[in-house]
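Structure, as structure tokens:
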Amino acid sequence: MQHSVGIQQVNGLAQSRDLAAGAHTSDGSAQAPSSSNGSFDSSVTPFPLLRRKLQWYQIFTIAISATIGLGIFVNGGKALQVAGPGGALFAFAFVGLVAIAVLECIAEMIGIWPVSNPFGEFLKVFVDEDLATVMGIAYWYSYAMGFQTLLVAASELCGFWGMSTTMKALVLFIACPLVLYGINYLGVYRYGIIEVIIGTIKIISVIGAFALMIAVNHGDFASGLRIGTTYINDGFKVDHEVVTGVFPALCAAVVPACFAYIGVEVVAMTAFEARDRTQLRLPVKFIAYFITVLYILAVAGFVVNVKWCDPNLPLPTSWAQSRPCEGIINTIYRRGENSTLPHNSTLPHQSPAIYVIALMETGERVWPAFITGALVFSVISTALTNLYVASRSLFGMTRRIDRQAGRIPRLFAKLGTVHSRNGVPAWALFVSAVSFWWLPFIRLGHGDSVGEVINILSTMGSTGCLCVWASQCLAYIRYHSWLRAHRNNVRQTYPRLYRWGDESLAQSRSFGAYFQPALAWFGFIASLAIVFIFNSASWWHGHITTNEVIAAYIGPAFLAIVWLCLKLFNTDRVWYQRLGAWPELNQAITRLLNTADENMLPGTDAEPVNSSRQRSQVPIIDVSTANTEENNARSRQVDITPQNSPGQ
């Protein structure tokens, strides 16, 4: 019944939108109607539309920029310290497999339904509408908070050069947010071009840093010290001051490694701004594999050059401050002079970045400063992408709010409007930019006294994003189960969705179609295990602090409370979406197809749907065969509401 009502609403509103005085650009991109002065005017159409301008390479580099920030260079050192070089490699490889499993699920669903706010839409249809709301809030918070916490991290990196507090405030906390906001306001195509440049620089930087690590290991710097396999031969190690054994050490190492992968799912958030479905195929299929390979390469570069118990590695304040190998004397070379120093000596310029630590211990002066500058650029550019993702997430949650429902809904509906001149969800962008603008200034004014508070707020965002990963795997599991229960009807009505006996069509959307739903179950269980089990691995030795517990579980607890409140105050809603009979599945598929096809033909350029065309006649085009004669015929007219089909 809920699906039926939803379809009627979508069809009715879509027809009213088609009759509205909407404008279209010369390239076919849709614009929301506006007043003559170019200001917001969402009263004409209840479903504002983003412009479909992004090409595949722009989508790919947006995901690259969102993922590659400070995590691999700082969190990699944390994983190395707690579990040794073998443990660090294992942690990043394991989380890479989790990210691949999650993206395999998202790739198949987004390849069929490139909808705005895909994470929320898939949950609404296949799991639960209230859970979709909760996960949408968590996802927006994760990236809106990340926008500011990344700028705080950039200020910490600038301490390498001794930058003054005043300069940090002016450059990083005032100028940078304004510049990043302005770049996002340029429009999605110009923003995408900038992300192509940034993403390319990041890829080259990671590969170049790996080449530097090879040179360090070979002894090509002034010190002449050849490390070889000395450090990596340590294999799996255990810091008994932190964990009790190898397994807890691996679990503890997985947590910082996982946070380095946050952002790989961003590729799905670009779906409603992609020029057509074919632009999504390559990014969504390859991004998780590409990031995993790049990260393992980066980890291999630093584990061979930094001792696992190096005192300069970043160590959370809640962990023990002593290293198992403290006091060991190693021959190391600093400031270009051959000298024998205790291994726990500190470097002249402190940096939490493990690549900088490796270069500093060779006595180099120029390369550490250069790498630090590259890291500052990487962190600020990741903040740029975080703002983009937060604004699109907030826009997707609010674009369907009824402006006539009252004063408060009308206020939130503003967030779902699009500026007519640049096609940007300007109100959502503005709110996402300023919601946590106060955070860096508190850090600046109170120093380390609020450091734990910022860490808790940041961890809440990261765990919330992992919960979103788990929710998308759950949506896929239920989607797959529903299709399997009615596969005979699916085969006759939606041959492009049928996968049993011939996985070629599903395989064209994702590499792991043959292994579904096993991959989805792995991603679901692993994501929840990281949040609720691995996150507490450092407590298993018996030393637990209140801040640790709060940082680990306040995020999931808050989301659970919000979900329960929504259920209690909306007594007419069911607790979860039941996988019903074939007509209900047909309506669910129709709902997603209509959402994906609100103002364009899937698989073609962004062209408006003729208002006289029946909304039930929506093409189903597979991204791998979008240009074939069969799909061209299918795109002209495919009745997605079966007539006299089995099960009716």
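Everything numeric in this text was worked out from a predicted model, so none of it was measured.
Side chains of Tyr295 and Val95 form no contact here, defined as non-hydrogen atoms less than 4.5 Å apart. By the 4.5 Å heavy-atom criterion applied to side chains, Trp521 and Leu474 are not counted as neighbours. Residues Leu384 and Ile380 have side chains not in contact (no heavy-atom distance under 4.5 Å, counting atoms from C-beta outward). At a threshold of 4.5 Å between non-hydrogen side-chain atoms, the residues Phe247 and Cys251 count as touching. Using a 4.5 Å cut-off on side-chain heavy atoms (C-beta onward), Phe395 and Leu429 make no contact.
Here the side chain of Ser435 pairs a donor or acceptor atom with the backbone of Val431 at under 3.5 angstrom. Counting only distance, with no hydrogens or angles, the side chain of Asn217 and the backbone of Asn305 share no donor-acceptor pair below 3.5 Å. In this structure a side-chain-to-backbone donor-acceptor pair under 3.5 Å is present from Arg478 to Phe126. The backbone N or O of Phe524 sits nowhere less than 3.5 Å from a side-chain atom of Ser527 that would complete a donor-acceptor pair. In terms of modelled atom types and a separation under 3.5 Å, the side chain of Gln472 and the main chain of Phe119 share a donor-acceptor contact. Proximity of a side-chain donor or acceptor of Thr270 to a complementary backbone N or O of Val267 within less than 3.5 Å is detected. When atom types are taken as modelled, the side chain of Thr385 and the backbone of Ser381 share a donor-acceptor pair closer than 3.5 angstrom. Side chain of Ser432 to backbone of Leu387: no donor-acceptor contact under 3.5 angstrom is found. A distance-only check finds a donor-acceptor pair linking the side chain of Lys168 to the backbone of Ser155 [under 3.5 Å]. Between the Ser142 side chain and the Gly461 main chain, a donor and an acceptor come within less than 3.5 Å of each other.
The NZ atom of Lys78 sits 12.0 Å away from atom CD1 of Ile354, with the distance rounded to the nearest 0.5 Å. Atom OG of Ser393 and atom CE of Met135 lie 11.5 Å apart (nearest 0.5 Å). Once rounded to the nearest 0.5 Å, the distance linking OH of Tyr231 with CG of Leu80 reads 11.0 Å. Rounding to the nearest 0.5 Å gives a distance of 9.0 Å between CG of Leu466 and CD of Glu265. Rounding to the nearest 0.5 Å gives a distance of 12.5 Å between SG of Cys465 and OH of Tyr141.
Residues Tyr143 and Tyr139 bring their aromatic ring centres within 6.0 Å. Residues Tyr479 and Tyr476 place their aromatic rings such that the two centres sit under 6.0 Å apart.
Aromatic ring pairs are classed by plane angle as parallel below 30°, tilted from 30° to 60° and perpendicular above 60°; the pair Phe173 and Phe441 is perpendicular. Ring geometry for Phe436 against Trp140 counts as tilted: the plane angle lies between 30° and 60°, on a 0 to 90° scale.
The shortest non-hydrogen separation linking Ala537 to Pro248 is CB-O, 3.6 Å. Residues Ala268 and Pro118 come closest through the heavy atom pair O-CG, 3.3 Å. Shortest non-hydrogen contact noted between Cys258 and Ile530 is SG-CD1, 3.9 Å.
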Evaluation steps, ring pair (Phe, Tyr, Trp, His ring centres under 6.0 Å), between Phe60 and Phe290: CA-CA 10 Å; Phe60 188 82; Phe290 184 83; 5.4 Å; yes
Side chain to side chain contact (heavy atoms under 4.5 Å, CB included) between Ser471 and Val127, intermediate numbers included: CA-CA 9 Å; Ser471 72; Val127 184; over 6 Å; no
Side chain to side chain contact (heavy atoms under 4.5 Å, CB included) assessment of Lys237 paired with Asp234: CA-CA 7 Å; Lys237 288 292 184 179; Asp234 289 334; 3.7 Å; yes
Applying side chain to side chain contact (heavy atoms under 4.5 Å, CB included) to Thr133 and Trp563, what does each step give before you reach the verdict? CA-CA 8 Å; Thr133 301; Trp563 180 77; over 6 Å; no
Where do Asp130 and Lys124 land on the salt bridge (Lys or Arg N to Asp or Glu O under 4.0 Å) test, with the steps shown first? CA-CA 8 Å; Asp130 292 322; Lys124 286 179 183 178; over 6 Å; no
Could you please spell out the steps behind the side chain to side chain contact (heavy atoms under 4.5 Å, CB included) verdict for Leu157 and Leu70? CA-CA 10 Å; Leu157 287 174; Leu70 193 60; 3.7 Å; yes
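For Phe558, the CZ atom counts as loosely surrounded, since its 6.0 Å shell holds 12 or fewer non-hydrogen atoms of other residues, nucleotides or ligands. Within 6.0 Å of atom CZ in Phe532, more than 12 heavy atoms from other residues, nucleotides or ligands are found, so the atom counts as buried in its surroundings. For Phe412, the CZ atom sits in a loose shell: 12 or fewer heavy atoms of surrounding residues, nucleotides or ligands are nearer than 6.0 Å.
Counted by atom type alone, Ser65 and Glu195 present one or more donor-acceptor pairs between their side chains at under 3.5 Å. Side-chain contact of Lys202 with Thr382: a donor-acceptor pair under 3.5 Å is present, judged by distance alone. No side-chain N or O of Glu121 forms a donor-acceptor pair with one of Trp113 less than 3.5 Å apart.
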Run the side-chain donor-acceptor check on residues 371-378: report pairs under 3.5 Å with partners two or more places apart or on a different chain.
from: Thr372; atom 1: OG1; to: Pro368; atom 2: O; distance (Å): 2.8
from: Ser378; atom 1: OG; to: Ile68; atom 2: O; distance (Å): 3.4
from: Ser378; atom 1: OG; to: Gly69; atom 2: O; distance (Å): 3.4

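Of the options Ile287, Ile100, Val98, a side chain to side chain contact (heavy atoms under 4.5 Å, CB included) to Thr292 is made by Ile100 and by none of the others.
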